[in-house]
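Hydrogens, waters and symmetry mates play no part in the numbers below; they use all other heavy atoms, side chains included.
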Amino acid sequence: MNISLYEKDFNLWLELTIQQLESHEFSVLDTINLIEELKDLGKAEKNALESNLMILLAHLLKLKVQADAPETMKHSWYNSVIEHRKRIKKQLSKMPSLQPYLPKILEDSYTDGKDIAIKEAKLASFGVRIPDESEYPHLCPFTIEEILDDEFYG
């Protein structure tokens, strides 16, 4: 079995591929693996956006449903909202073509974020009220505009 450079030493394969592109040596390019890597790069960016949106929604939801939680708990949720909103906005500014992807992932990200919020709420202690699952809206209660609004906290 002949193991390709791609399989044997990815970093060396990458350096060689860059050299071949810079030298316009297109006929010797490993196009099959190059195409796969480019596809994976696009998937990674979408996965990062979805992950940040999920965490942002989880903490917006916690701020909405657990408004009666102690300020010390809410403080970390506010910080998380700020951080993940910043990550999303930065990614969208670098890759504006991902903007139309947001509405497509909103409901799935909300479902995952809601699941996180519910599970984390069940871990509450020290007399903190644990909300009933029915208190969490079935559908995302936030618009994309609210989600991206630096002044919005649920």
[atom2] on [Y] to [atom1] on [X], rounded to 0.5 Å:
X      : Y      : atom1 : atom2 : result
Lys8   : Ile3   : NZ    : CD1   : 7.0 Å
His84  : Leu49  : NE2   : CG    : 12.0 Å
Leu53  : Ile88  : CG    : CD1   : 4.5 Å
Leu34  : Leu38  : CG    : CG    : 4.5 Å
Leu148 : Phe142 : CG    : CZ    : 13.0 Å
Lys46  : Leu41  : NZ    : CG    : 11.5 Å

Evaluate Glu145 against Asp149 for side chain to side chain contact (heavy atoms under 4.5 Å, CB included), listing each step before the verdict. CA-CA 6 Å; Glu145 292 76 22; Asp149 181 352; over 6 Å; no

Judged by modelled atom types alone, do Asn33 and Trp13 share a side-chain donor-acceptor pair under 3.5 Å?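 No, Trp13 and Asn33 have no side-chain donor paired with an acceptor closer than 3.5 Å.
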
Do Glu7 and Ser4 meet the criterion of a side-chain donor-acceptor pair at a distance under 3.5 Å?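 Side-chain D/A pair, Glu7 to Ser4: present.
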
Flag the pair [X] / [Y] as yes when at least one side-chain heavy-atom distance between them is below 4.5 Å, and no otherwise.
X     : Y      : value
Asn11 : Glu15  : yes
Lys39 : Ile35  : yes
Asp30 : Ile32  : yes
Leu21 : Thr17  : yes
Val81 : Phe152 : no

When Asn52 is tested against each of Lys86, Glu83, Arg87 for side chain to side chain contact (heavy atoms under 4.5 Å, CB included), which residue passes?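 Of Lys86, Glu83, Arg87, side chain to side chain contact (heavy atoms under 4.5 Å, CB included) with Asn52 is met by Arg87 alone.
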
What residue among His59, Lys74, Arg85, Glu146 forms side chain to side chain contact (heavy atoms under 4.5 Å, CB included) with Tyr153?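 Considering His59, Lys74, Arg85, Glu146, a side chain to side chain contact (heavy atoms under 4.5 Å, CB included) with Tyr153 is found only for Arg85.
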
Verify the cluster assignment for [X] and [Y]: are they in a single hydrophobic cluster under the rule of side-chain heavy atoms below 4.5 Å apart?
X     : Y     : value
Trp77 : Leu56 : yes
Leu61 : Met54 : no
Ile55 : Leu92 : no
Ile18 : Leu16 : yes
Met73 : Leu57 : yes

Evaluate salt bridge (charged side-chain N to carboxylate O under 4.0 Å, His left out) for Glu135 paired with Arg129, printing each intermediate quantity in order. CA-CA 12 Å; Glu135 293 180 59; Arg129 181 183 73 83; 2.9 Å; yes

Would you check, one step at a time, whether the test side chain to side chain contact (heavy atoms under 4.5 Å, CB included) holds for Lys62 with Ile116? CA-CA 10 Å; Lys62 287 167 76 169; Ile116 290 170; 5.9 Å; no

In plain terms, say whether Lys122 and Glu133 are close enough for a salt bridge, that is, a side-chain N and a carboxylate O under 4.0 Å apart.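 Glu133 and Lys122: salt-bridged.
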
If every non-hydrogen atom of Ala117 is compared with every non-hydrogen atom of Ala58, which pair is closest and at what distance?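 That would be CB-O, 3.8 Å.
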
Indicate the atoms forming the closest heavy-atom contact of Ile130 with Ala121, along with that distance.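 Nearest pair, atom of Ile130 first, then Ala121: CG1-O, 3.6 Å.
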
Show me the donor-acceptor pairs, under 3.5 Å and distance only, between side chains in residues 95-114 and residues at least two apart or in other chains.
residue, atom, partner, partner atom, Å
Ser109, OG, Ile105, O, 2.9
Tyr110, OH, Pro137, O, 2.6
Thr111, OG1, Glu107, O, 2.9

